[in-house]
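Throughout, a chain's letter reflects where its sequence line sits, starting with A, and its residues are numbered from 1. Computed from heavy atoms alone, side chains included, the values below leave out hydrogens, waters and symmetry copies. All of these numbers come straight from a predicted model, not from anything done at the bench.
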Amino acid sequence: MKTVASFEIKYLQYLDSDGRLTQKKLPKFAENPDELLKMYRMMSFVRVFDTKSIALQRTGQLGTYASCLGHEATHVGIGAAMRPEDAFFPMYREYGAQFWRGVKPHEVLLFWGGDERGNNFSGPAHDFAWAVPIATQCHHAAGAALAFKLRGEKRAAVSVIGDGGTSQGDFYESLNAAGAYQLPVVFVVSNNKWAISVPLAAQTACETLAQKAIAGGFEGIQVDGNDIIAVRDIMEYALHKARSGKGPTLVEALTYRLSDHTTADDATRYRDKREVEEARKQEPLIRLRKYLTDMGAWDQKKEAKLLEECSAQMDAEVKLYKDTGKPPVASMFDHMFANMPENLLAQRDAAVAEEQQHG
Amino acid sequence: MKTVASFEIKYLQYLDSDGRLTQKKLPKFAENPDELLKMYRMMSFVRVFDTKSIALQRTGQLGTYASCLGHEATHVGIGAAMRPEDAFFPMYREYGAQFWRGVKPHEVLLFWGGDERGNNFSGPAHDFAWAVPIATQCHHAAGAALAFKLRGEKRAAVSVIGDGGTSQGDFYESLNAAGAYQLPVVFVVSNNKWAISVPLAAQTACETLAQKAIAGGFEGIQVDGNDIIAVRDIMEYALHKARSGKGPTLVEALTYRLSDHTTADDATRYRDKREVEEARKQEPLIRLRKYLTDMGAWDQKKEAKLLEECSAQMDAEVKLYKDTGKPPVASMFDHMFANMPENLLAQRDAAVAEEQQHG
Amino acid sequence: MAKLAMVEAVTAALAYELEHDPAVVVLGEDVGVNGGVFRATNGLQQRFGKDRVLDTPLAEALIAGMSIGMAAMGMKPVAEIQFSGFIYPTVDQMINHAGRLRTRTRGRLHVPMVLRAPSGGGIHAPEHHSESNEALFAHMPGIRTVMPSSPSRAYGLLLAAIRDPDPVVFLEPTRLYRINKQEVEDNGQALPLDTCFVLREGNDVTLVSWGAMIHETMQAAAGLADQGVDCEVIDLATISPIDFETILESVGKTGRLVVIHEAPKNCGVGAEIAATVAEKAIYSLKAPIERITGYDIPMPLFKLEHDYMPSVARVTAGIRKVMEA
Amino acid sequence: MAKLAMVEAVTAALAYELEHDPAVVVLGEDVGVNGGVFRATNGLQQRFGKDRVLDTPLAEALIAGMSIGMAAMGMKPVAEIQFSGFIYPTVDQMINHAGRLRTRTRGRLHVPMVLRAPSGGGIHAPEHHSESNEALFAHMPGIRTVMPSSPSRAYGLLLAAIRDPDPVVFLEPTRLYRINKQEVEDNGQALPLDTCFVLREGNDVTLVSWGAMIHETMQAAAGLADQGVDCEVIDLATISPIDFETILESVGKTGRLVVIHEAPKNCGVGAEIAATVAEKAIYSLKAPIERITGYDIPMPLFKLEHDYMPSVARVTAGIRKVMEA
Ligand SMILES: Cc1ncc(C[n+]2csc(CCOP(=O)(O)OP(=O)(O)O)c2C)c(N)n1
Ligand SMILES: Cc1ncc(C[n+]2csc(CCOP(=O)(O)OP(=O)(O)O)c2C)c(N)n1
Ligand SMILES: [Mg+2]
Ligand SMILES: [Mg+2]
């Protein structure tokens, strides 16, 4: 039989789990230690945020919370590569990307604390809120990218999805459309090996998730998602490509969910502890810290100071969160429509009256 | 960057458009002229069926009808490769496959004539009816294949979808599931280059549709869909593989929609006549007739006799169709549930009474 | 002023908005060079270009979801779903996102999109092409559902839908696409949303209907007028939210209500109208409210479709029943 | 006899059928080793093996569509949708195929599947995890929709749903999963479908509710009993088709009806109940029918969810209103 098409999936890594460079030439941003330090600081803050958020949940001060432990390089790498005018379409754990884009930590706490005001955040006004219905955000990213393309704007859309999310039809539909329209969009697959209790091997027969891009007719690349240099580099490449009218890219970031799925989950029910211990050695902060230390840009004292700063910053955010009162009952009606219909106004009045009566 | 995965899409053809063999070794069934003649006869009948059905529609004796002109090799090839105990999940134009499996032509006419009894057909009782909502049938095929696998039955499911249909999420979801479960299913993509007015290039950026299988983690093969030897051979290969527990296959059959999309469509609005003329030279009957003639198994007299037989057979089927009265009004209620609820029985009585009153 | 069929009125409204608002984009399957399978977008791509009128890949969830993304970025997508039975893959995007993006971001983002789709039976269409599914959308918070019943209301309401800053599902009865041409002035004048239209005044009984069934309803009303029954006919037009003020005022006058729709009865929009009127106007009701609807079965293939859809005779009989109660 | 919480009763019913009917298969996201995110399938894979209890890839349309294919080939799939807000991708398969395969093939094929899903709010769950969407399914021809309100009804109705040869959407109120344990005999005894359950007899007013709201309703009834109002409480149980016989009989006795549900009001199932009762029993009604429901907004995040859901106070006030009318 004759061969009519052939494809390859490439893999990118700069920094291995021991903090050693695996490539000779670094991307430009990575030659500047200040840039690396900035990313390291953000990753460290995200980890403090994560730890304290889980503690808040455990003490009944937050609702269900989705940890990002282990994903810091992927998330911060995405954030650092994007421009403010690009549009971000997250799933539900990319705090690192959002913080970089200006979302305030207490706003994220508000969301998981059951308050919609957390979605009216300080990041770019066009960025989407969390997409809990898995894969639906891919369509929004494709639509935004189509808007940018039709208006001739040099902007790109970035969506993030999990390994489990790649089983959803919405994901493939938007991939195919992005290819067909050559949209300025980057689809990031955050492959943390688990979708709640379902391991990757049960989710799909694919050896890589980057190869899903072949079904969209465009480039898919696999990257070490625990290596922030590789993530940011690939994202900058894909975003530049998108903004220059050269179409979509799928980036599969290989990482690992070191935490439970959410605080409502108990991963010991289905996951081998040894696997987690192995994965912990690959986590993204250790290697960047080693690399920075080896180059003389970091030391234990600086580390201690940073952690203190992060802690203080987080405490201030927690205070902001806790000081935010319960949203008024009227607010669940007020933003339903620009032109409010009569019956909804009547329902609002009834609800407000009940609040006043019964509290 | 290091390569972590690579893929190839192969293409199969035995008989080119001039009726010349392009491979030295033929599949076993093709070495038997009787088998080829049987398939040629069915393809010829299907064409007569198609012409007469369109005529019925044009004269107000049939509803909207979806022609299969040009698809005969793909459809008959599928039918010939399947076993009765396999299950078939068609879209809406695979008459050739269905006739081979025992569906009666007048049953197909009943369906397009607006009568559900056409779906209660003489083919295998487990075969599905048409799936007008595009791509939904892929899930049914996956489900049937899962049932076969769980019960340890040596049966396979076959679904057919169009080039346009490959843009639907349902298609990819079932591909991915078929890969993950290693299901005994064959997904046929009947790539006739157009989805109503949308040409393939606007539907997807993919160079082949077979490569969509890569997103499911299994084999995709492209075949000359106008070469019935190639179609049947690949289908037998894929079905055997499925029944032996070796998982799914995607078969892209390259063909061309020589007709309007349906009788409700006017393809001259969007399609270049020269393209159609070029495609007509590739159509499946010409080449098989040439091949059979060259080998001395066919001649003009046999052809004339065959056409007469087909015509007579079709006339008999048309008569059966026309002699079928309007379905009783009660029948639209009677098969809603095995255990009919009260309110539906009341509605049925009312509808029947109205029929008797107002006709 | 031109005489337009309803489908031409739709085209005219789309053209008007494409011309006057650069944010408007038309998208869907076959809406480009083919002008839509019903020709609702006929000539629009030729006139406004491929950047304003886009064929999409064959995927309805994509069409809805991409429209949400476009709308949130400031465009005004007017998306077409090709036939009524293929709108279900949009349900997830419509209910989980279109209808709630404004409230869940407390006003930061909103979704000025229109999802146009043909609706209903009666044109001998193939399977899955004749459904009436307005009730599914009517139950969704944050979404307006609109159904015109004449060329001029199609024109005016579609303009209103496109200009409205929130999502509108706009269902077009295919049975009316090419019958009853009407003078329609192409002046960009929108009609109000959230408002019923009183098509016929009368004192004996209020008939509420929408979409294609308005025609059987008007015919029944005309027939009964000859027999001395004076029907008031209200076109619901905006299916959700319902303009109960107009309906209650009418029922206050007539004391009788018949609701007519083609969709299945159980949990149909007729139930909401009957329930609310019974709640708010029970003491002015002289007879039980009657609903004349499709049966609780899928729309059958076309040999039986007229046995499914409420006929003039069924509507007339229902009105008589209420008059005699 | 064991005291079971509702979620344990669900597990018991699944186990019973897995044990007694080899055609039964349980499938869904995380239903295997994890036993479901609510633990409704806890231990089942361990007990019955991976061929009877299957984790699926993360795709709801697939889960529904594959179940249809399996069911048509003679299996009895019991599929789980993980949270209520993720059921919408199944709508296309349920309405276009599950509900019509039997009738469109005139009885040749049928779909003995169950689609289980959690339903409703009140457990401080994240966004999109607290929807009440029974009305969407209730409007679909050819599908039964069932919602239990106690462990024993969960057990008996789920058995009935699995054994029924047609598709059943089985919605489980998460708010009830772990409260109010009950003695449930694991004897394989099904309860009847298409039948309401009278939970409390009374003469003054009929209260119809279902799912979790039964509890606020019973509390309101108990509170009002102290004040001399004698409420009859009916658990709808099968949401579609509705057992109007029981409801009408009760309203015939009490002359008053209050319907209580958590889902949005507009075009909710309450509308159907109110409309039909108003139609068939208008002359025995002593007061307008009252609906006490969720508002026409999406379920808010949990800080406000209790302001969204009808409270005992709201239910009580609604009953009082009807008593005083
Ligand atoms: C449409 C939909 N179905 C189911 C869920 C429930 N759910 C939440 S997260 C999750 C697993 C997601 O796994 P993956 O995509 O790998 O992302 P991860 O959480 O691992 O980052 C599931 C099933 C959901 N949120 N949306
Ligand atoms: C879900 C869905 N959307 C839209 C349609 C309307 N429709 C019928 S056929 C068709 C084009 C199909 O093209 P393709 O898949 O290439 O199959 P072909 O008809 O060319 O064989 C469309 C859009 C449909 N039947 N189902
Ligand atoms: Mg994951
Ligand atoms: Mg095609």
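No other option in B:Gln137, B:Glu116, B:Lys149 has as many heavy-atom pairs under 4.5 Å with chain D as B:Glu116. Top candidate by heavy-atom pairs under 4.5 Å with chain D, chosen from B:Asp170, B:Asp127, B:Asn176, B:Asn119, is B:Asn119. With respect to chain B, the highest number of heavy-atom pairs below 4.5 Å among D:Pro141, D:Ala59, D:Gly107, D:Gly142 belongs to D:Gly142. Contacts with chain B were tallied for D:Ile242, D:Leu193, D:Thr238, D:Thr56; D:Thr56 has the most, counting heavy-atom pairs under 4.5 Å. Ranked by heavy-atom pairs under 4.5 Å with chain D, the first of B:Cys138, B:Gly143, B:Ala125 is B:Gly143. With chain D as partner, the option from B:Ser174, B:Ala142, B:Ser331, B:Ala177 having the largest number of non-hydrogen pairs under 4.5 angstrom is B:Ser331.
Neither the backbone nor the side chain of B:Phe333 comes within contact range of chain D; no heavy atom of the residue lies under 4.5 Å from a heavy atom of that chain. Only the side chain of D:Asp166 comes within contact range of chain B, with at least one heavy atom under 4.5 Å from a heavy atom of that chain. In this structure, the portion of B:Phe148 lying under 4.5 Å from any heavy atom of chain D is its side chain and not its backbone.
For the residue pair B:Ala180 and D:Pro57, the shortest heavy atom distance occurs at CB-CG, 4.4 Å. Shortest non-hydrogen contact noted between D:Leu109 and B:Phe128 is CD1-CD1, 3.8 Å.
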Please output the side-chain donor-acceptor pairs of residues 338-345 of chain B that fall under 3.5 Å, not counting sequence neighbours, one pair per line with the distance.
from: B:Asn339; atom 1: ND2; to: D:Asp164; atom 2: OD1; distance (Å): 3.3

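To the nearest 0.5 Å, the span separating CG on D:Leu54 from CG on B:Leu146 amounts to 6.0 Å. Between atom CD1 of residue D:Ile143 and atom CE of residue B:Met336 there is a gap of 9.0 Å, rounded to the nearest 0.5 Å. One finds the CE atom of B:Met332 at 9.5 Å from the OG1 atom of D:Thr103 (value rounded to the nearest 0.5 Å).
Within 6.0 Å of the NZ atom in D:Lys253, the count of heavy atoms belonging to other residues, nucleotides or ligands exceeds 12. No more than 12 heavy-atom neighbours from other residues, nucleotides or ligands sit within 6.0 angstrom of NE2 on B:His240. Counting heavy-atom neighbours within 6.0 Å of D:Glu245 CD, excluding the residue itself, gives a total of 12 or less. Enclosure of atom CD in D:Glu279 by more than 12 non-hydrogen atoms of other residues, nucleotides or ligands within 6.0 angstrom is indicated.
Residues from residues 62-75 of chain D that place a non-hydrogen atom less than 4.5 Å from a non-hydrogen atom of chain B comprise D:Leu62, D:Gly65, D:Met66, D:Ile68, D:Gly69, D:Met70, D:Ala72, D:Met73, D:Gly74, D:Met75, given in numerical order. Residue-level contacts of residues 94-101 of chain D with chain B, in order of numbering, are D:Asn96, D:His97, D:Gly99, D:Leu101; threshold 4.5 Å between heavy atoms.
Judged by distance alone, the side chain of B:Arg117 and the main-chain N or O of D:Thr105 form no donor-acceptor pair under 3.5 Å.
Partners of B:Asn120 by side-chain contact (heavy atoms from CB on, under 4.5 Å), not counting sequence neighbours, listed by chain and number: D:Arg106, D:Arg108.
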